[in-house]
Every structure is written in structure tokens, then in C-alpha cells.
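What you see is a predicted model; the values in this text were computed from it and never measured. Quick note on labels: first sequence line is chain A, next is B, and so on, each numbered from 1. Hydrogens, waters and symmetry mates are skipped; everything else that's a heavy atom, side chains included, is used.
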Amino acid sequence: MSEIKITLPDGSVKQYQSGTSALQIAQSISEGLARNIIAAKVNGKVVDATLPVNMDADLVLLKWEDKEGKNTFWHSSAHLLAEALEALYPGVKFGIGPAIDAGFYYDIDFGDHKFTSEDFGKLENKMLELAKNDSKYERKEVSKSDAIQYFTEKGDPYKIELLQDLNDGEITFYSQGNFTDLCRGPHIPATSFIKAVKITSLAGAYWRGNEKNKQLTRIYGITFPKKSELDAHLLMMEEAKKRDHRVLGKDLEIFCFDDDVGPGLPLWLPKGAAIIERLEEFAKKTEKEAGYVRVKSPHIAKESMYIKSGHLPYYQDSMFPPMELDGTKYYLKAMNCPHHHKIFDATPKSYKDLPVRYAEYGTCYRYEQSGELFGLMRVRSLTMNDAHIYCTKAQFEQEFKAVNNLYLKYFKVFGIDKYVMRFSKHDPKKLGQKYINSPELWKETEDMVRNVLISAGIPYVEVEDEAAFYGPKIDIQIWSAIGREFTLATNQVDFAQAERFDLSFINEKSEKERPLILHRAPLSTHERFIGFLLEHYAGKFPLWLAPEQLIILPISEKYQEYAEKVLNVLKKHDIRALIDDRSEKTGKKIRDAEMKKLPLMLIVGEKEQAENTVSVRKQGGEDLGTMSLESLTDWINKEIETQLN
RNA sequence: GCCGUUGUAGCUCAGGGGUAGAGCACUUCCUUGGUAAGGAAGAGGCCAAGGGUUCAAAUCCCUUCAAUGGCUCCA
């Protein structure tokens, strides 16, 4: 037999017999290592650890700690779930069962049987029982006709449908115990790797994601190689739930919903409104410095405007139905851009006026499907940190860059670092349907955007079929506490609406020319941004943004008068403060202030009253000591200045 | 919009065919206490809404509304 050269990640090269598996290679290094090997990466491709290697290769041994290792582990767990289901409910039919970011799911057609969350325990136990059998995951290449025959005999129509799309020669089965599945692999060596199982939830899911298809039962689960890891995971999930903006928003009295107001229509309580005020102050100042001017527009407009803008055919389903007055239809605005275009068009423009930057915190209404509403992250009334920039082609790059820099500046202030910049492009197949049919302009503007991103050295991912109908965009993707992905902010190019609105400026040659338009909303909408910030800060807003910045805690009622004196001084300095005048002990007052996540606590008693000072405690416990009111206000101002720069 | 689950006090939840319970919060009183929970008493509910079954419904059934986990969709 021939020899092969295996290169390990540390660069070392070892010789093995051809046909040696990654697992055997691991064993040759150490038994302990081999026990932890879940899969292997051979020349960059993830494969079974037991697959024989027949050529010289770069080899990475994948463990649970590796992302691909977890992926393989969970994918194999989905097969174990299926095996358990088949044992418990003979005759169930299987859809697909992939690994996801945290765990796996399997789509099941239970036929007439009703599977409920009460069956979770039974299923978990069965999975653990089967795991203990230590069944090997065995790979087998099969011909397409054999594969179809197998599933026809078994009576699994979904698998047969999946097989139709596969080519003969690339089909593999994996078996463990009594269960065989159509699967590309790879898998863990044996079921005994799985030591802890948790079925997490149950949901309906359309077969192949199409709402016209039958709805299957999707069972979500997660597994671990150690019981302790499952416990840690469950604890983490509990913590994430506490961070959920819907929970914090209620606890901290930021916002609420009311049945009489309507779903997706948040009410801002005083503390929520205070945060909005801070955000707007900050945005208006920043935008002013960046050369924006502010405009204002009404909340409704005639149908004709949305026909002109081209929004109506794309957007009608997600707009509130129109009101009809004297035969004219009026829509609640779902976006601010057409209004801004009209403002641009209201006065003649010269090239000397450009770029024109119109900013507005504009409130829009979108009739999102009821099932899509999600706390503050998906709502039906939203106030956007909107602006539109009208510029020449020559100015485009600089403007686009400036907008990007603005984003980065904001992200620094808010400490936003876990995001992905997504360069969202059109899909050429959908020109004329989802996207304006101008292939050259798409190419041109997408190239411009890419160039800006590359020259600015900003990391990004390119994604097709995510653009706006009027042009490409950059989306900032973030994740909520419970792991749901959202677009926080967008920066969009628009080459279509200027044409539709017949917008123009007079260029140097005294000719009419169309401006390019940028749409941008770096601070998203108040709803989504505050929802995000609640989770991001876990409710502990920084001093500049906190609805209530500090609370004065008199040691006893005897110091109430002094506390009020302090309050008045602070109010004169525009500091948002209040007094806890309850007849409670200081420990209790501190605890309650901590629960409300107030950034600062001022303790005042005999000593402070005598010296005309306050004792300052930061949220979390840090003692800033005793200071005069003057040094406190100085300290606060400095702190805020640091936070905003 | 579709499928599953849930809806009991301001909040978190228990209960469950015979006219409602806890903890926290709230109010009052006692206490005047120095860096994460002092004590006592009190008040607070058409058990989401509507209909049905029943001698009797918060409890069982149906419809609606809302929330929630997904799917589809999206800033």
C-alpha cells in the first residue's frame, strides 16, 4: 500500500498508510485526543473522522470546541432524534433535519398523531437510551434508483422529493442503530458521544419553507458531550431571557403595548420618551455638524405619490389600507423618501447646492403581518432616524463614505461591535419584478458601493437578493438577546427615484442632470434601536442616555430637606435626578436603585448635610467617595463628554 | 397570514365544575436605620372578550382578541 503525507495545523508532516482515517491518525498521536475527535477537515472539507484518507492532505482534527465540530455533533444528534422518534412513533415521515447555530431541528410529519411538549421527556429519554447503545454512524454510497426504492418501500415521500434534486453518484446514506437517512454527512463516529439531550421547542414549519406546502412539526433540540455543558447552556439561556428587551422594557418602564391601541403600536412611557429625547438631541447635533438640514413632513399622502415613487406595487401589502376622501385615496406613509424628494423638488437646485442632505425623524406606519410582530424590533409604527442625500455622481463616493464613517462613529459611542456589514445586492433573475429593471445601473452602483467598502477597509459580506427595489444597500445586521437576526441600520443607494420624481439640478454646463440619492438611517428607528440598546446594555444605560441619571437616598427622614436642596441644585444643572423618600433603610433603597439600574446613587445623611456634600455610589457598587455638588456636576459633565466622544 | 402554545392582582406565577391564592410591588402604621431586601396591618381580581354545555363554569367546548415559539416576510 502507498504512503500519504498528512500535514497538521502546526505545520508538522507525518507519513501514514493510504486509507488511514483521521480517527486512526488521532489515535496514533494519543488515545485521549482520539476520544474527543468528532470529525475532520481534510483539505478544507469537513468529513467523517472514520473516512479513509487516500491522498496527501492538510488535516484538521475537529473537536467539540470547533464550530464545525459542534455542527457535526448536532447534525448527528438530529439523526438520533429521528431514530428515537421512529422507535416511539413508527410510521412518522421525515423532512429535513439540519444543525443550526445552537442545536438542531428535524421536520416531522406525524400523520394523525399529535406530538406535544408533554412528550419531550419521553423523547429525551429515548434519545439517551439509544445514545448509550454506542451505535456507529455508517456511511454508504447508494445509487439514485436504490435510494428512491428504499424510501418508496419505507414510505417517506419527503425524502423521495429531496432525492429528485440530487444527481446519481453523489448520494449517500448514513445509518446508526435501526435508522437510515439520506444524508451528505459528515457525522460523529458513534452515538455514545452524545451525553446530554434537551428538546427545546416545537413549531410548525412549511415543507421546504413554502407556505403553500404542508406544515410539518419542527422539533428543536440541543445536545452536549457533557451534562455540565447542557446545564451551563440552560443557565445562559435563562440569562438571555432576562436580557430580552421585552422583559427589560416592562421592568424598567420604557414602553408598553395596549389592546385598545393595537398590536405593534408601542406606547412610550416617560422613561422611554426620555431616551428618545437624548437620542434625538445627539443625532440632531451630529447631523448638523455633518452638513444635514432638517425637514418635516406629514404622516399621510395621496396614492398618486406612492404610484409615482414606485413604492405602491412593491409595498402595498405592508401599508395600512388607504382612507378615501372625495374619491381620493390617502395612505399613511410607510417611508419618508417620497416626501423628501418632493421637498428637494420644491425649489430649483444648482450643482452649487449639492450635496443636499435632508434629515428628519420621520414616523412611518407599516402593516407588518401579525405573526411577524416582535416587541420593539418589529412594529407597525416606527420613527426613523432618516435622511436623504442628493448628490452628483462625482460626489457619490465621498458622500457614501461620509455616511459610513457616521455609522462607525455612532457604533463607537454605543459600543456596538457585534455586527455584520452586509452588502445587499439585487438578483439579476428578479429584474423587473422585485427590482427596477436597469441592469447597467445596478452594476454601476453596486461597483461603486463595493469600491467604497474596499477602499475604506471595512469588512463586509456580499449577499444577493437583499437590495431595495431602487438600488443596492449596506445593512448592519445584529442579533437580539434570544438570537434573532435584525437589520439595525441601512445605507442605501437609489438610482431610480430621481427619475421617477423627475428630480434634477442644473449642472456646470447649464443642463438638467439627475442627482443620485442616498437613503440612510444609522440610528435605525427609535423602536428597533432602543429595543437593541436595552439588550445591548442589559438595561444599564450609560449616564448620558439614562432616563434617570441619579437617585438621592436620604439615610432617614431627617435629611429629606437637605436631599431636596441637592435635587434642586442638580435640576438647575439639567441633571435628571429623583429622591427615594420612602421610610426604608439605606440598604433597601440601594437595592431598589440597583434593580432600576440607575447609574448613580447619592447617599445623604448627617455628615453630608453638615459638610454640604454627597456620597456617590455608582451602579454596581463602586464608591466614588464624598464630593461637593460642584465637583459632582463637573464629574458628570466630564463623564458624559467622554461617553459621547 | 399559517401551525403550535399561552392568557388568573401592577409584576412573576400556583390552583382548578361548587362564587379566588402566594411572593414581590403598592397604601398606612411602627421603626430613623450609612452602601444590594427591618417589622406589622391593609387595599387590590367580571380569572382576556363573547357564546355554548351544566342545577352550577375562572375551570369543559366553540368563536374572537392578544401575547408567545416557529414558518413566510422585513427597517
*asked:* Quick one about A:Thr487 and A:Gln477 (side-chain donor to acceptor, distance below 3.5 Å, no hydrogens or angles considered), yes or no?
replied: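 On atom types as modelled, these side chains qualify, holding a pair under 3.5 Å.
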Any donor-acceptor N or O pair under 3.5 Å, side chains A:Gln316, A:Tyr306: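 No, because no side-chain N or O of A:Gln316 sits under 3.5 Å from a partner of the opposite role on A:Tyr306.
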CG of A:Asp580 to CD1 of A:Ile603, rounded to nearest 0.5 Å, is 11.0 Å
The side-chain contact (heavy atoms from CB on, under 4.5 Å) partner of A:Glu360 among A:His340, A:His339, A:Glu287 is A:His340
Only residue of A:Ile389, A:Asn405, A:Thr445, A:Ile474 satisfying side-chain contact (heavy atoms from CB on, under 4.5 Å) with A:Phe400 is A:Ile474
Does A:Arg380 qualify as a cation-pi partner of A:Tyr367, given the criterion of NZ or CZ under 6.0 Å from the six-membered ring centre and within 45 degrees of its axis?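 Yes; both conditions hold, so A:Arg380 lies above the ring face of A:Tyr367.
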Measure from the side chain of [X], starting at C-beta and using heavy atoms only, and say which of [options] lies closest.
X: A:Glu557; options: B:U31, B:G34, B:G38; value: B:U31
X: A:Arg591; options: B:G38, B:G34, B:A36; value: B:A36
X: A:Thr487; options: B:G33, B:A75, B:A37; value: B:A75

Sticking with atom [atom1], work out how far [N] lies from [M], rounded to a whole angstrom.
N: B:G10; M: B:U27; atom1: C1'; value: 14 Å
N: B:U28; M: B:U64; atom1: C1'; value: 43 Å
N: B:C71; M: B:G15; atom1: C1'; value: 35 Å
N: B:G23; M: B:A43; atom1: P; value: 15 Å
N: B:C2; M: B:U19; atom1: C1'; value: 40 Å
N: B:U54; M: B:A14; atom1: P; value: 32 Å
N: B:C60; M: B:G70; atom1: P; value: 27 Å
N: B:A57; M: B:G51; atom1: C1'; value: 13 Å

Any strand counts, and the cut-off is 3.5 Å on both contacts for Watson-Crick or G-U wobble. Which nucleotide pairs with [N]?
N: B:U19; result: none
N: B:U53; result: none
N: B:A58; result: none
N: B:C46; result: none
N: B:A14; result: none
N: B:C29; result: B:G39
N: B:G34; result: none
N: B:U5; result: B:A67

Polar side-chain contact [X]-[N] base: donor and acceptor under 3.5 Å:
X: A:Glu372; N: B:G70; value: no
X: A:Gln619; N: B:A36; value: no
X: A:Thr586; N: B:U35; value: no
X: A:Arg218; N: B:C3; value: no

Using a 4.0 Å heavy-atom cut-off across all strands, classify [X] as base, sugar-phosphate, or nothing.
X: A:Lys589; result: nothing
X: A:Ser615; result: base
X: A:Ser370; result: base
X: A:Glu527; result: nothing
X: A:Lys596; result: nothing
X: A:Arg520; result: nothing

Rounded distance in Å - [atom1] ([X]) to [atom2] ([N]):
X: A:Leu248; N: B:U12; atom1: CG; atom2: C1'; answer: 15 Å
X: A:Glu485; N: B:G70; atom1: CD; atom2: P; answer: 14 Å
X: A:Asp317; N: B:C74; atom1: CG; atom2: P; answer: 11 Å
X: A:Tyr559; N: B:G33; atom1: OH; atom2: P; answer: 7 Å
X: A:Arg366; N: B:G1; atom1: CZ; atom2: C1'; answer: 19 Å
X: A:Asp494; N: B:A75; atom1: CG; atom2: C1'; answer: 16 Å
X: A:Leu488; N: B:C74; atom1: CG; atom2: P; answer: 18 Å
X: A:Arg528; N: B:C74; atom1: CZ; atom2: P; answer: 12 Å

Indicate whether OP1 or OP2 belonging to [N] is found under 4.0 Å from a side-chain N or O atom of [X].
X: A:Arg617; N: B:A36; result: yes
X: A:Lys250; N: B:A25; result: no
X: A:Ser524; N: B:A75; result: no

* To do: Look at A:Lys596 together with A:Asp251 and state whether they make a salt bridge at an N to O cut-off of under 4.0 Å.
  => no
Review point. Under the salt bridge (charged side-chain N to carboxylate O under 4.0 Å, His left out) criterion, do A:Asp465 and A:Lys430 qualify, and how do the steps go?
Key: CA-CA 8 Å; A:Asp465 198 18; A:Lys430 294 183 184 167; 2.6 Å; yes
Parallel, tilted or perpendicular: which fits the ring planes of A:Tyr105 and A:Tyr220, with parallel below 30° and perpendicular above 60°?
->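 Because their plane-to-plane angle lies in the 30° to 60° range, the rings of A:Tyr105 and A:Tyr220 count as tilted.
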Q.
Please verify the inter-ring angle class for A:Phe414 with A:Tyr410; under 30° counts as parallel, over 60° as perpendicular, anything in between as tilted.
A.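 A:Phe414 vs A:Tyr410 ring planes: tilted.
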**Study point:** Verdict with supporting geometry, A:His426 and A:Glu464, side-chain hydrogen bond (donor to acceptor under 3.5 Å, both in side chains)
**Key:** CA-CA 6 Å; A:His426 77 299; A:Glu464 271 202 10; over 6 Å; no
For A:Trp74 and A:Ala102, the nearest pair of non-hydrogen atoms, with its separation, is CZ3-CA, 3.8 Å
I need the minimum non-hydrogen distance between A:Tyr361 and A:Ala283, along with the two atoms involved.
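Heavy-atom minimum between the residues: OH-CB, 3.7 Å.
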Residues of residues 238-246 of chain A with a heavy atom under 4.0 Å from any atom of RNA chain B, listed by number, are A:Arg246
Note: contacts of residues 257-269 of chain A with RNA chain B (heavy atom, under 4.0 Å) are A:Asp259, A:Pro263
Taking for A:Ser583 and for A:Ile603 the nucleotide of RNA chain B with the nearest heavy atom, the one nearer the 5' end belongs to A:Ser583
